[in-house]
Amino acid sequence: MFSIRTEGLRKQFGAVKALDGVSFDLSAGLLHGLIGSDGAGKTTTLRLLAGLLRPSAGEVLYYRDGKDSSFAEMRPSLAYMPQQASLYPDLSVGEHLEFFRELYRLDAATFTRRSGELLEITRLDKFRERRAGKLSGGMYKKLGLMCALLQSPSVLLLDEPTNGVDPISRREFWELLYALAAKKILIIVSTAYMDEAERCSRVHLLDRGRLLSSGEPREVLKAAGAASFEEIFIKGGGR
């Protein structure tokens, strides 16, 4: 299993400090939440972890089964689902799966088994012919998750996957994440919804590019003497 650690991670875009010395551990096989409002540095962090950006300072360290590894070794086992729309509105659910089958170079047997499992757990099996542009917000997000999962990743990076999704679809999406976490996949999900923080195994609270706290949700609340994550951010915002 893969795990990731950041040490003094910084990223600057011109005069803007997107990340300012962030250090945390992303333990293997757990569901981690990057929690924070817009501009907190969540997307920048995920893109650095995915190798899409290079840090201005600090480093991202990768481990496999507790031993030093490299991004090159982890990369084939990593899937990234960006926040912005990344699917093709004129392609159907089934056509998207076929497209990603070619992208991942999956053999016919593996694709048939894997796509069947994903269609069933996302409940999109009855919508194979529906175009992505005609899907509801929740179904669209599920299709994006399916495409990311088709290669059976060991590390899954999700950038605000429930943003703008109705409450029922949000709940269903988290049920999917729990099912994946049970398979010991390292999941890092970013969200601005404070109630979702308590759904994670570990949380990492970001505010204006700085790390406020990390740990198990209840322990973080206890250490901060706060009744809610909103309260922690209010205190952090008053520095």
Side-chain angles (χ1 to χ4, degrees), residues 30-38 42-43 46-47 49-50 52 77-106 108-201:
L30 295 178
L31 201 166
H32 294 261
L34 297 180
I35 316 298
S37 59
D38 291 344
K42 304 187 301 297
T43 296
L46 289 177
R47 289 179 177 173
L49 298 179
L52 300 176
S77 300
L78 182 147
Y80 172 58
M81 181 177 161
Q83 179 182 355
Q84 66 270 25
S86 57
L87 303 177
Y88 300 96
D90 292 331
L91 292 185
S92 69
V93 170
E95 288 170 335
H96 271 94
L97 292 175
E98 289 286 351
F99 173 81
F100 280 90
R101 169 194 176 181
E102 294 293 329
L103 184 66
Y104 297 142
R105 299 181 180 179
L106 300 177
T110 300
F111 172 74
T112 299
R113 175 181 56 79
R114 190 65 180 149
S115 61
E117 291 173 351
L118 292 172
L119 285 166
E120 183 177 355
I121 66 173
T122 57
R123 301 177 186 173
L124 290 179
D125 48 322
K126 297 180 181 179
F127 302 95
R128 291 186 67 123
E129 305 304 319
R130 184 171 296 186
R131 293 182 179 182
K134 298 296 184 179
L135 297 174
S136 67
M139 294 169 71
Y140 186 94
K141 297 282 188 174
K142 288 180 182 179
L143 176 56
L145 181 62
M146 270 204 305
C147 293
L149 291 173
L150 196 59
Q151 62 170 322
S152 299
S154 299
V155 180
L156 183 61
L157 309 178
L158 305 173
D159 193 2
E160 300 205 32
T162 58
N163 185 34
V165 174
D166 66 89
I168 294 176
S169 294
R170 279 177 62 195
R171 186 186 67 223
E172 291 178 345
F173 200 94
W174 275 94
E175 289 174 354
L176 286 175
L177 295 186
Y178 289 145
L180 295 171
K183 297 181 180 181
K184 301 302 180 182
I185 296 175
L186 170 56
I187 303 172
I188 301 107
V189 55
S190 71
T191 180
Y193 295 121
M194 296 296 108
D195 62 300
E196 292 187 339
E198 297 185 34
R199 298 174 181 262
C200 301
S201 304

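Checked against a 6.0 Å centroid threshold, the rings of Tyr104 and Phe111 do not count as neighbours.
Here the straight-line distance linking atom CZ of Arg128 with atom OG of Ser115 works out to 5.5 Å at 0.5 Å rounding.
Of all heavy-atom pairs spanning Trp174 and Cys200, the tightest one is CH2-SG, 3.8 Å. Listed here is the closest heavy atom pair of Ala148 and Ala79: O-CB, 3.3 Å. Contact record, Ser37 with Ala192: CA-CB, 4.4 Å, taken as the closest heavy-atom pair. Annotation for Gly138 and Val165: closest pair CA-CG1, 4.0 Å, computed over non-hydrogen atoms.
No donor-acceptor pair under 3.5 Å is formed between the side chain of Glu98 and the backbone N or O of Glu95. Remark: side-chain polar atoms of Tyr140 are paired, donor with acceptor, to backbone N or O of Leu87 under 3.5 angstrom. Distance alone, capped at 3.5 Å, is enough to place a donor-acceptor pair between the Gln151 side chain and the Leu78 backbone.
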Check the pair Val189, Leu34 against side chain to side chain contact (heavy atoms under 4.5 Å, CB included), reporting the backbone distance first and the verdict last.
-> CA-CA 6 Å; Val189 55; Leu34 297 180; over 6 Å; no
Lys142 vs Leu176, side chain to side chain contact (heavy atoms under 4.5 Å, CB included): CA-CA, chis, key distance, verdict | CA-CA 9 Å; Lys142 288 180 182 179; Leu176 286 175; 4.2 Å; yes
Walk me through it: do Phe173 and Thr122 pass the test side chain to side chain contact (heavy atoms under 4.5 Å, CB included)?
-> CA-CA 8 Å; Phe173 200 94; Thr122 57; over 6 Å; no
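Looking at Met139 and Arg123, their side chains never come closer than 4.5 Å, going by heavy atoms from C-beta outward. Side-chain contact check for Leu31 versus Leu180: every heavy-atom pair is 4.5 Å or farther apart. At least one side-chain heavy atom of Leu52 sits less than 4.5 Å from a side-chain heavy atom of Tyr80. Within the 4.5 Å cutoff, the side chain of Val93 has heavy atoms near those of the Met146 side chain. Put simply, the side chain of Met81 does not reach to within 4.5 Å of the side chain of Leu157, judged on heavy atoms.
Residues Ser152 and Arg114 have side chains that bring a donor and an acceptor to within less than 3.5 angstrom of each other.
More than 12 non-hydrogen atoms from other residues, nucleotides or ligands lie less than 6.0 angstrom from OH of Tyr178. Surrounding CZ of Arg131 are at most 12 heavy atoms belonging to other residues, nucleotides or ligands under 6.0 Å away.
Between Val155 and the choices Leu49, Ile187, Ile188, the side-chain contact (heavy atoms from CB on, under 4.5 Å) rule is met once, by Ile188. Of the options Leu118, Ile121, Leu156, a side-chain contact (heavy atoms from CB on, under 4.5 Å) to Leu145 is made by Leu156 and by none of the others.
Note on ring orientation: taking the six-membered ring where Trp is involved, the planes of Phe100 and His96 are parallel (angle under 30°, cut-offs 30° and 60°).
With salt bridges taken as basic N to acidic carboxylate O contacts below 4.0 Å, one links Arg170 and Asp195.
Each side-chain hydrogen bond (donor to acceptor under 3.5 Å, both in side chains) pair with one or both residues in residues 153-166, not counting sequence neighbours, appears once here: Lys42-Glu160, Thr43-Asp159, Asp159-Ser190, Thr162-Glu196, Asp166-Ser169.
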